Structure formats: C-alpha cells, structure tokens
Number of protein chains: 2
Amino acid sequence: MLIVLDKPRRDRAAERREATSAEIVDAAWEAAREQGLAAFTLKEVAERVGMRAPSLYGHFASKTAIIDAMFAQAWREYRVVADETFSAVPSAPREALGAVATTYFEFAVADLVRHQLMDTAAVPGFRPSDEAYAPSVAVYEQLVGLLHRLGITDPDERDLYTALIGALVEQQLANDPGGERWRRLLPRAVDMYADHVGLPGPSLQGEP
Amino acid sequence: MLIVLDKPRRDRAAERREATSAEIVDAAWEAAREQGLAAFTLKEVAERVGMRAPSLYGHFASKTAIIDAMFAQAWREYRVVADETFSAVPSAPREALGAVATTYFEFAVADLVRHQLMDTAAVPGFRPSDEAYAPSVAVYEQLVGLLHRLGITDPDERDLYTALIGALVEQQLANDPGGERWRRLLPRAVDMYADHVGLPGPSLQGEP
DNA sequence: GTCTATACACCGATAGAC
DNA sequence: GTCTATCGGTGTATAGAC
C-alpha cells in the first residue's frame, strides 16, 4: 500500500518545538556531566536554556522523561557508529574482532556519563522506555551475528567477550580517565581472546 | 622499649559507645541496600537503631563520616578474607590465580552496595579518609607480590588481570544478580589469561 | 510557551532543654 | 546521649496569570 501524505509543507511551529526539546536534552547532558546523572536538577537544565525550571514541563512530562530522551539519543548515536563499523568489517577474523571492540571502546570512553547511562544502572529506579531501548537490542544482535560468522556460537564465549571489552572500558574510565593505560591493552586483550577461541591469523600486536 | 599500660580495666562506657557506633554503621548498610548508597537518609538510619536523626551526630560528625566508616569496615573485612587466601595459596600457578580470583569475585558479588562503595565511584564527591583507604592498598600489594612470584611482572599484564576479574564481577552484578552466568566463566577466564601469560599447568576446567 | 508563585516533601545539620 | 524544635536549603511538580 502506498500512503500519500498530503501537504508535506514544513510545520514551522513543530520544528521550533522539536528544536527546543533538543536544546533541553543537550543542556541535560551538560548538567549531568557536571553534577552526576542522578544528581542534576531541572533548575540547572532550565538555566542553561534560558528558562525557569517549571517551563521544562511544557516539553517533557517529568525529569525521568528527559533522562529517557537522553538514553534514546545515546543509543541512536551509537547505532550509527556501530552500523558503520559492521558494514565494513575487516575480513580477517582478528581484525574484525578488534575493529568492533575498538568502536565500542572509543565510544564508551569518550563520555563517562553517557556510558553510565547506556551501560550501567547509574540512575536508581530508571527503566528506559521500549522505544528508547530498541537500538541497544539491534546493536547487540549485530554483534551476535558477527561472532557467529567467526564461528563463535557458544553463549558463554560471547559473554566472555563482552565482559572483557567492558572491563577495559570500566578500568579506563575509573582509573585513568583521559589516559591510555587500558586503551593500549585492547589489541592484547583481543589477541588473548582470539587465541582462546582458536581464531586463526597473526597477532594484532607487533612483535612483543 | 616496652610500654606498660596501666589499668587495662574495661571501660564499660566506651565499650557501649563503640557498640552503638557499630549499630549505626550496620543500620546504614541496611538503608543503603534499600535506598542506594548515595540516596539513603539519616532518618532511615536513625529509625533502624531506635533514635531520631539528630542523635546520630553524637556518634558521627556527618553523613560522610558514616559512609567513611562503612568503607573502612568493608575493606577491613575483605582484608581478612584475602589474608586467608594469600596465606594458603596453592602452589600450582593456575590454581593460585584461580583461588585469588575466586576470593575476590565471591566477596564482591555477595553484596552489591558494598562492592559499589569499595570499588566504584558510586557516591558523588565521596573520598575515603587515609585510614579507611589503607587496607585496600595492603591487599593490592599482596596481589602484586603473588603475580611477581608467578613471573608476571609487567604492569600491563597486571592491569589486564584485574580488569578481567573485575569485568566478570560487574557483568554478574549488572546482568544476572544472584545467578551463575558469569561466575561459571571464572575458570575459563583465568585459563585464558594463564595461557596468555604462559603459565604452565593443565587447564582449570575439566575436558571441554 | 513561558512566567511567577507556591505547594509539598525532604534533606543535613545545629541549638538548647533535659 | 538523646530529645524536640528549627534553620536554611534543596528538590519535583502544579496552578494560574500573561
């Protein structure tokens, strides 16, 4: 069935409204980065967009709704980044594993509070809505597909992989934010894992 | 020099005072487990020990001081557990690594909020006092000593080990609390790491 | 759509009586 | 040591004027 939409004329009012909502979400990210994900206040958000706190309720039904929008935005962004990597994944197994790991690592490490919101239970009581949650499922399925193509079908080995890469992210953020201490270990960790599951090919590292 | 302490007679008042402080700390753990580490309130703590909130200030100078006492207690407890493991560490390298990893894993997984307080930055702005922090340094030095005896002296390899075990803890707590999904991977992960650093000996797992 | 004013609840911490 | 009373502050959210 073809659906013809009448008058695709721009709705300037709606556009402006959406732009304001986006501004609010951006301001919420800033506030969360300064005060913490659970601790930032609507007053801080409002000030950044030149409003008073109650005015935010014209755009979001609650503080939780703002956090949900942040969650959705973060995963949408990562989905774009991950799609790019998965669409041009190297054919060599170890390089493939390394590319996917690097993409995730860099995205997570680039923004602490974003990582906390996406990957940890940092906001007490927060549960993302189904729409906000959907992109994370899609990305995980891409990973499962890649591992399958590499012959890694055991769910336990899958868990070990995600744990290993997640570990490096956690340690990097917790113990050396902005540094290189754990990032440098990424090829080594991928090699260790590749050896473990019996992937062929030469080491990702130069000669040790 | 020998220091002779006069009159080691029991000071019943001091004992009672200390017991009350311990009660308060216990109540704070309970409150933190229910409301979250950063979110629990002094009122909740006070109610559990049959007091009013202001009375807590007769025992602790601030809410932060209570959290500091919790931090110190947790690491003291772990120090006892770790001392036991390290004092009777198996002579076989892989078993040694596995025993130490298991001790840490089980202690961390047994209590989410305790783990959050000990090993993550879950309380915004909280910095443990030096006395409270000391036991964690002691435990880490024990680990470094063991790895040295096993021939693992590269700091990068040390980091990889702590990241790997820490990762399993995080995943277990975040994705399967109370379950076995990541605990079961512990021997596999230790083996993977042992292979990686070239430790001798048979696999920790039965025949795969 | 944004404002002011305010409701309502709760927080950590202090003062001072007992 | 523990209490009551209270201070000074914060927070989310709503009501109603403009």
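Lettering follows sequence order; numbering is per chain, from 1. Everything numeric in this text was worked out from a predicted model, so none of it was measured.
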Salt bridge check: are B/Arg94 and B/Asp195 linked by an N-O gap of less than 4.0 Å? yes

Return the CZ to CZ distance between A/Arg79 and A/Phe86, rounded to the nearest 0.5 Å. 11.0 Å

Flag this pair as yes if the NZ/CZ of B/Arg33 is under 6.0 angstrom from the six-membered ring centre of B/Phe40 and inside a 45 degree cone about the axis; otherwise no. no

Ion pair check, A/Arg114 and A/Glu77, cut-off under 4.0 Å: yes

Go through the side-chain N and O atoms of A/Trp182 and A/Glu170 and say whether any donor and acceptor fall under 3.5 Å apart. no

For DNA chain D, find the residues of residues 40-66 of chain B with a heavy-atom distance under 4.0 Å and give them by number; none if there aren't any. B/Gly50, B/Met51, B/Arg52, B/Pro54, B/Ser55, B/His59

Please round to 10 degrees the angle between the axis of the first five pairs and the axis of the last five pairs in the helix from C/dG1-D/dC18 to C/dC18-D/dG1. 10°

Are side-chain N/O atoms of A/Asp68 and A/Tyr133 paired as donor and acceptor at under 3.5 Å? no

Strictly below 4.0 Å, N to O, side chains only: are A/Asp176 and A/Arg184 in salt-bridge contact? no

